[in-house]
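Step one of this worksheet: look at the structure below.
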Amino acid sequence: MIPDPVPPDEDAALMLLVRQGDVAAFTELVDRWKQPVTGFVYRLLPDADEAEDIAQGVFIQLWKTASRYERQARFSTFLFTIARNLCLNEIRRRTRHPAESLDARLEPEGESVPGQFPDAGQVPADEESQRRELVTKVDEALADLPEKQRVALALCREGDLSYEEIAVVLGTTVPATKSLIHRAREILKLRLKAYLTSGAWEPSGGGGKSV
Amino acid sequence: MDRVAGKKVDPETIRWLRQPGRLSEPERRRLEAELAFNGLLDGHRPPPPVSSNFTAQVLARIEREERVVERRTPWWQRIGSLPRVAALAALALTFGVLWSQGSATRQVRMAKQAVELGRAASVPGLEAASLADFEVIRRIGVVPRAEDDALILALAQ
């Protein structure tokens with residue numbers, strides 16, 4: 001989901017200005033990319049506040065490492081490489097120091113899922129609970145994917161990068177990237193087969209949005 | 001179909017693929033299954049909208065971090081390389097001038113000592129061998145008066 005149909009060269013040109021310490025160019029880049037970066041982080045670490053905090057960290061890192069940017073590299077691959085590294089650091093930190101989420105502790109059984117706003121007025125209660133269960137199942141299935149597959153899938157769906165660009169971010173080849181994404185999707189389909197066949201999930205928008 | 005299975009596809013392409021006769025029945029079923037799966041992946045947790053002051057927060061955090069780094073950096077690293085070189089050059093110059101002044105003072109002192117030694121050597125009755133005698137050396141500075149000289153000569157006879 002790229003916010004504007006901006007030619008990649010324009011981002012690269014802005015980044016070259018950022019290298020010289022141009023704050024206005026940096027602000028422009030942050031405004032353009034804050035939503036895709038936050039979305040990408042949220043896919044890997046599904047907590048809205050934390051995702052925004054880490055996304056801000058990505059831009060801080062971008063500012064600090066601007067001197068290493070070279071024009072040959074597409075800006076999005078440079079940015080998402082930073083985002084990927086920060087997310088993986090956070091995931092590994094959590095694996096080393098597992099802590100119970102405050103939301104999970106405060107939330108009684110059957111209450112709303114963190115990051116979701118209940119809309120009981122429009123959705124029947126049983127449908128809502130089914131939806132919540134599905135969200136949990138998808139989260140679990142995604143969390144169980146190998147690290148590289150998760151990142152590849154997130155870059156593919158949220159970063160809207162080409163396979164070539166995803167390969168650069170992951171430090172692998174294009175065929176290996178395609179294989180990672182394919183395997184990730186197959187694993188998820190298998191785990192969520194029950195929901196997909198029963199039709200418990202109805203994609204919203206009816207083809208109106210980019211899928 | 002592979003494009004649908006991986007990347008995001010624009011609604012136009014989807015509408016085109018859904019047109020009657022475009023795909024065989026098994027292909028159409030696969031398309032719908034892939035689209036449903038994409039919907040599940042993208043829609044189960046829609047990304048949260050970023051806060052309106054996101055950019056301002058980023059800039060504030062950068063400023064804060066730079067201030068902390070500045071505070072932790074020793075003063076000699078904080079000044080740029082050119083002023084640092086200039087400061088070192090000034091320090092070296094000062095040291096050089098002081099050393100050269102000290103050296104000149106030492107030379108003057110040595111010259112004075114040499115003159116005094118020459119004057120002492122010209123004292124009558126003072127032979128080189130007697131310089132070995134500490135007491136004689138101690139009295140070098142005391143130039144004997146004329147009456148003393150006469151007395152010495154008288155005693156020597």
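Only heavy atoms go into these numbers, but all of them, side chains included; no hydrogens, no water, no symmetry mates. We name chains A, B, ... by the order of the sequence lines, and we start the count at 1 in each one.
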> Taking it one step at a time, do R29(B) and E32(B) satisfy salt bridge (charged side-chain N to carboxylate O under 4.0 Å, His left out)?
Replying inline: CA-CA 5 Å; R29(B) 273 204 301 273; E32(B) 294 306 327; over 6 Å; no
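For A141(A), no part sits under 4.5 Å from any heavy atom of chain B, backbone or side chain. K178(A) does not touch chain B: none of its heavy atoms, backbone or side chain, sits under 4.5 Å away. Neither the backbone nor the side chain of E12(B) comes within contact range of chain A; no heavy atoms are under 4.5 Å apart. Both the backbone and the side chain of D53(A) come within contact range of chain B, each with at least one heavy atom under 4.5 Å from a heavy atom of that chain.
Heavy-atom minimum distance, Y42(A) versus A48(A): CE1-N, 3.6 Å.
Contacts between residues 20-27 of chain A and chain B, defined by a heavy-atom separation under 4.5 Å, are made by V23(A), F26(A), T27(A).
Annotation: the span from D42(B) atom CG to F37(B) atom CZ amounts to 10.0 Å, rounded to 0.5 Å. The line from CG of L31(B) to CZ of R18(B) is 6.5 Å long, rounded to the nearest 0.5 Å. In this structure, T177(A) OG1 and I166(A) CD1 are separated by 7.0 Å, a value rounded to the nearest 0.5 Å.
When ring centroids are compared, W33(A) and F59(A) stay outside the 6.0 Å threshold.
Considering K34(A), Q56(A), E52(A) as possible partners of S51(B), the one that fulfils the side-chain hydrogen bond (donor to acceptor under 3.5 Å, both in side chains) test is E52(A).
Salt bridge annotation for R32(A)-E10(A): present, with a cationic side-chain nitrogen under 4.0 angstrom from a carboxylate oxygen.
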